[in-house]
Undergrad: 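Before I ask anything, here is the structure I am working with.
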Amino acid sequence: MRVLFIAGNWKMNPAKGEEAIALANAVKTGVGQAIDVRVAICPPFPWLGVVDDALSGSPIGLGAQNMNAKADGAYTGETSGAMLVDIGCTHVILGHSERRHGLGETNEQVNQKLLTALGVGLIPIVCIGETRQEREADQTESVIGHQLNGSLAGVTPEQMGGVVLAYEPVWAIGTGLTASPAQAQAVHAFIRGKLVTLFGGATAARVIVQYGGSVKADNALELLACPDIDGALVGGASLKPADFLGIIQAGQTVTATGKPAS
Ligand code: PEP
């Protein structure tokens, strides 16, 4: 049985370390100890250390938003996976659409980062998703299939069981538009089927596939209740403790009541 996983992507926020500490403390207090969903927060690089300190004693995981594929060397401005582990990270977001579309990150680059992340013991959250134009051209499945083939190349079934995927339709990120539960579930079911083909049924049944794209406290319950949606990658709402905690609460509710039979 897959445990729901709610992760917060703070993107390039907040501006000050003391605000990051306050945000982490609020989430930590709200989550407490007794959670039956997985939770992680992913601050920007400069706040990873102070947020790690703030989260001490909490079950909340710490994630970075990117890393370099290289282990070390002359890569000015870059951050290695080993550095992330040393500062306390357990997770790393890879291939976020703002990097794929804003910075031209390719499936091959995401794949290299993924293999490096697995090598240093980080849990990767690999983002995939189609643009609005691709959806309107009925290319959603071919785009997602291509992203999965390229991003997951060379990953063993055993490794894949520990990889988290995040389906984030680009048109729904930061726009206030959310895929309907039926639209999201249809793509998640496609992803699960693709994982069966690539890694076998046993592995596919273990892989956490989050949904991301304007998830809020008031739409989380029906999204998380879908059979193949195993959590959420949350951007804007993760910057407001009450909203993020509301999404976590929705995950707790779905966990307690069980998903409706599909
Ligand atoms: C994200 O940043 O991954 C995201 C889904 O953002 P938002 O929730 O703001 O759409």
Side-chain angles (χ1 to χ4, degrees), residues 4-15 20 23-24 27 37-45 47-48 51 60-67 89 91-103 105 110 113-114 117 122-132 134-135 140 143-144 147 151 163-181 183-185 187-188 191 208-224 226 228-251:
L4 292 178
F5 178 23
I6 313 294
N9 172 17
W10 291 3
K11 311 194 187 198
M12 204 166 69
N13 303 288
L23 184 51
V27 176
V37 298
R38 282 167 67 187
V39 178
I41 53 181
C42 305
F45 288 129
W47 311 147
L48 286 171
V51 169
I60 299 172
L62 179 69
Q65 299 171 18
N66 180 38
M67 58 173 268
C89 287
H91 296 72
V92 61
I93 298 173
L94 298 176
H96 191 278
S97 73
E98 288 154 12
R99 300 194 61 81
R100 288 181 184 268
H101 296 283
L103 300 168
E105 199 161 286
V110 173
K113 293 179 184 192
L114 171 58
L122 288 166
I123 299 170
I125 302 173
V126 179
C127 302
I128 51 177
E130 82 288 358
T131 64
R132 187 167 57 85
E134 288 163 345
R135 173 164 283 265
T140 299
V143 168
I144 303 275
Q147 289 174 333
S151 303
V163 173
V164 176
L165 296 177
Y167 167 58
E168 300 204 300
V170 179
W171 48 272
I173 297 177
T175 59
L177 298 173
T178 315
S180 69
Q183 281 175 320
Q185 167 56 27
V187 180
H188 280 243
I191 293 168
I208 299 292
V209 187
Q210 298 173 320
Y211 170 78
S214 300
V215 177
K216 310 276 181 235
D218 62 5
N219 61 19
L221 195 63
E222 53 179 1
L223 286 162
L224 294 174
C226 294
D228 288 293
I229 298 182
D230 310 316
L233 183 55
V234 183
S238 71
L239 295 168
K240 299 178 198 132
D243 292 6
F244 192 54
L245 291 168
I247 294 167
I248 294 168
Q249 183 54 54

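All ligand and atom numbering here is 1-based and tracks the order in the structure.
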Undergrad: Quick one: pull up CG in L224 and CD1 in I247 and give me the separation to the nearest 0.5 Å.
TA: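 Answer rounded to 0.5 Å: 8.5 Å.
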Undergrad: Identify, chain by chain and in numerical order, each protein residue with a heavy atom under 4.0 Å from an atom of ligand 1.
TA: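 The 4.0 Å shell around ligand 1 contains N9, K11, H96, E168, A172, I173, G174, G212, G213, S214, L233, V234, G235, G236.
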Undergrad: Just by distance, with hydrogens left out, do R100 and T131 show a side-chain donor and acceptor under 3.5 Å apart?
TA: no
Undergrad: Does a salt bridge link E130 with R135, judged by any charged N lying under 4.0 Å from a carboxylate O?
TA: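 Yes, E130 and R135 are salt-bridged.
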Undergrad: Considering only heavy atoms from C-beta outward, does the side chain of Y167 approach that of I229 to under 4.5 Å?
TA: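 No. Closest side-chain heavy atoms not under 4.5 Å.
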Undergrad: So, taking the atom named CD1 in I208 and the one named CG in D228, what distance separates them when rounded to the nearest 0.5 Å?
TA: 11.0 Å
Undergrad: NZ/K216 to CG/D243 distance, rounded to the nearest 0.5 angstrom?
TA: 7.5 Å
